[in-house]
K.L.:
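The structure that follows is given in the form of structure tokens.
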Protein chains: 2
Amino acid sequence: MSAQVYLVDDDEAIRDALGWLLQSRGFACVPHASGEEFLAAWSPQLAGCLLLDIRMGGISGLQLFDRLLELGNALPVIFLTGHGDVPMAVSALKKGAFDFVEKPFNDKELLDRVQEALRIDAARRASAANSESLNSRLERLTVRERQIMELILAGKFNKVIADELQISMRTVEVHRAHLFEKMGVRTAVELSQLMTARR
Amino acid sequence: MSAQVYLVDDDEAIRDALGWLLQSRGFACVPHASGEEFLAAWSPQLAGCLLLDIRMGGISGLQLFDRLLELGNALPVIFLTGHGDVPMAVSALKKGAFDFVEKPFNDKELLDRVQEALRIDAARRASAANSESLNSRLERLTVRERQIMELILAGKFNKVIADELQISMRTVEVHRAHLFEKMGVRTAVELSQLMTARR
DNA sequence: CGATTAATTGTGGATATCCACAATCGCCCG
DNA sequence: CGGGCGATTGTGGATATCCACAATTAATCG
């Protein structure tokens, strides 16, 4: 799934004009005529950004935005509006919208914002992919291994861990080796960095 | 230096009214009649938040905001304006303003925003204090100790570190013990968490 | 029931770490 | 010049870790 610029606007003239502009600059554009239509096509895997008109028939851009937030949307959203007011813009940005642009807009400026949004999204996805792979590795750990990992991350010696869990040191060593293997680390320090880095 | 609500507005009536409102709700308020005046009083140590009118004689609220950004201001800024437009609000928020409120405003809403801003600032300062203390500990390390710390954080054994630095293992052990002592950690895992957590 | 998986434990040896006790060398400062 | 500091090294012993080889028990699953 490569990056797309999703465009939701109920005005066909705008869809055509913006679509053309984007394509001409090398951005793949996917137009939708309504919020409902986009919502039906949406999936968490979509990559790119979303250009969203606020005033539309059917559900409004703001309503669509809220719905997408609930669904866990990660696409950066650039609002387009001819009739925005300040509270609307403030609220949208504080909820996490990427930008809020008033029509008529300057082509170059919009393209810059699109490019920046695509960059952000790519970076976010790359980092999400990392933490996905981390999570999948974590899920492969058995309960006991996770439990022992916690104690290792608390800086405890195998001996102490064995005491606390009332098991032999040898068993701790085995679990430790297994979880290092599964997590793809060679030392406790690497494990700690892996776990600490992920916020 | 305890938390204050700094208020910059060239309209005395507003300063009085807002000042009274804030005081009555238990917020300590420090009014200034101009951007220049606040700038002269500003220091990086100020704690609290800043209520900033946009349209003022002398330098404008937006100019003051930009200047404060250059100076490394950490105070959350809540803009107050009677004549804001959308691009202005968008730009301010994207530069990191905490909020952007149009006059006339609802008292309770403004107070909520102030409280939230104070909370954010307190949290930010607490975390900054941590990283300050971390930095001061880091500065107490000798060059050699820092160098060895890097290698420890790379997950290398004392033996390997000794080889790479062309010194004896014993020396590495000594430095290692010293830097652990100075950094206040007992194990390499704790050190790693300390260093990794601070972005 | 036979296979698989997780948890558990043991032995023993090779490596590493931790640390007290001790010492040398070079540099800068009052 | 004597003292302090940082870097360096050594010895030796107590602890820990790493790991190959080996095995038992309990639970789950087709």
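Note on naming: letters A, B, ... go to the chains in the order of the sequence lines (proteins, then strands), and numbering restarts at 1 for each one.
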K.L.:
Looking only at heavy atoms, which two atoms of A/E102 and A/G84 are closest? And how far apart?
P.N.:
OE2-O, 4.0 Å

K.L.:
Tabulated below should be each protein N or O lying under 3.5 Å from an N or O of nucleotides 22-27 of chain C; please produce it.
P.N.:
none

K.L.:
From C-beta outward on B/H175, which listed nucleotide comes closest to its side chain: D/dC18, C/dA7, D/dA7?
P.N.:
D/dA7

K.L.:
I need the CG-C1' distance between A/L151 and D/dA16, as an integer number of Å.
P.N.:
17 Å

K.L.:
For B/R144 and D/dT8, is the shortest distance between a side-chain N/O and OP1 or OP2 below 4.0 Å?
P.N.:
yes

K.L.:
Go through the steps for A/V86 and B/T81 under the test side-chain contact (heavy atoms from CB on, under 4.5 Å), then give the verdict.
P.N.:
CA-CA 10 Å; A/V86 170; B/T81 174; 5.8 Å; no

K.L.:
Write down the atom of A/G58, the atom of A/Q63, and the distance for their closest heavy-atom approach.
P.N.:
O-OE1, 4.4 Å

K.L.:
Determine: side-chain N/O of A/T171 to OP1/OP2 of C/dT9, distance under 4.0 Å, yes or no.
P.N.:
yes

K.L.:
Whole angstroms only, please: what is the CD-C1' distance between B/E181 and D/dC5?
P.N.:
16 Å

K.L.:
What bend angle does the helix from C/dC1-D/dG30 to C/dG30-D/dC1 show across its length, from five-pair end axes and to the nearest 10 degrees?
P.N.:
40°

K.L.:
Between P on C/dT8 and CD on A/Q166, what's the gap in Å once rounded to a whole number?
P.N.:
12 Å

K.L.:
Select one nucleotide: of C/dC18, D/dC18, D/dT9, the one nearest the side-chain heavy atoms of B/R176.
P.N.:
C/dC18

K.L.:
Can you measure B/M169 atom CE to D/dG10 atom P for me and round it to whole angstrom units?
P.N.:
11 Å

K.L.:
Is any side-chain N or O of A/N158 closer than 4.0 Å to OP1 or OP2 of D/dT17?
P.N.:
yes

K.L.:
What distance separates B/L153 CG from B/S192 OG, expressed to the nearest 0.5 Å?
P.N.:
6.0 Å

K.L.:
Distance check needed: D/dT17 C1' versus A/K156 NZ, whole Å only.
P.N.:
19 Å

K.L.:
Between the side chains of A/T196 and B/T196, is a donor N or O closer than 3.5 angstrom to an acceptor N or O?
P.N.:
no

K.L.:
Could you label the plane-to-plane angle of the A/F100 and A/F79 rings as parallel, tilted or perpendicular, counting under 30° as parallel and over 60° as perpendicular?
P.N.:
tilted

K.L.:
Report yes or no: does B/T187 contribute a side-chain atom to a donor-acceptor pair with the main-chain N or O of B/E190 at less than 3.5 Å?
P.N.:
yes

K.L.:
Give the nucleotide from the list C/dA16, D/dG10, C/dT9 with an atom nearest to the side chain of A/I167.
P.N.:
C/dT9

K.L.:
Thinking salt bridges, do A/E173 and A/R176 make one under a 4.0 Å N-O criterion?
P.N.:
no

K.L.:
Among all residues two or more places apart in sequence or in another chain, which pass the salt bridge (charged side-chain N to carboxylate O under 4.0 Å, His left out) test with B/E36?
P.N.:
none

K.L.:
Starting from P on D/dC18, measure out to CD on A/E173 and report it in whole angstrom.
P.N.:
8 Å

K.L.:
Are OP1 or OP2 of C/dA7 and a side-chain N or O of A/T142 less than 4.0 angstrom apart?
P.N.:
yes

K.L.:
Can you tell me how far C1' of D/dT9 sits from CD1 of B/I148, to the nearest Å?
P.N.:
13 Å

K.L.:
Has the side chain of A/R124 got a donor or acceptor atom that lies under 3.5 Å from a matching backbone atom of A/A74?
P.N.:
yes

K.L.:
Please give, in whole Å, the distance from C/dT17 P to A/K159 NZ?
P.N.:
18 Å

K.L.:
Pick the nucleotide of DNA chain D nearest each of A/F157 and B/H178; which residue has the one closer to the 5' end?
P.N.:
B/H178

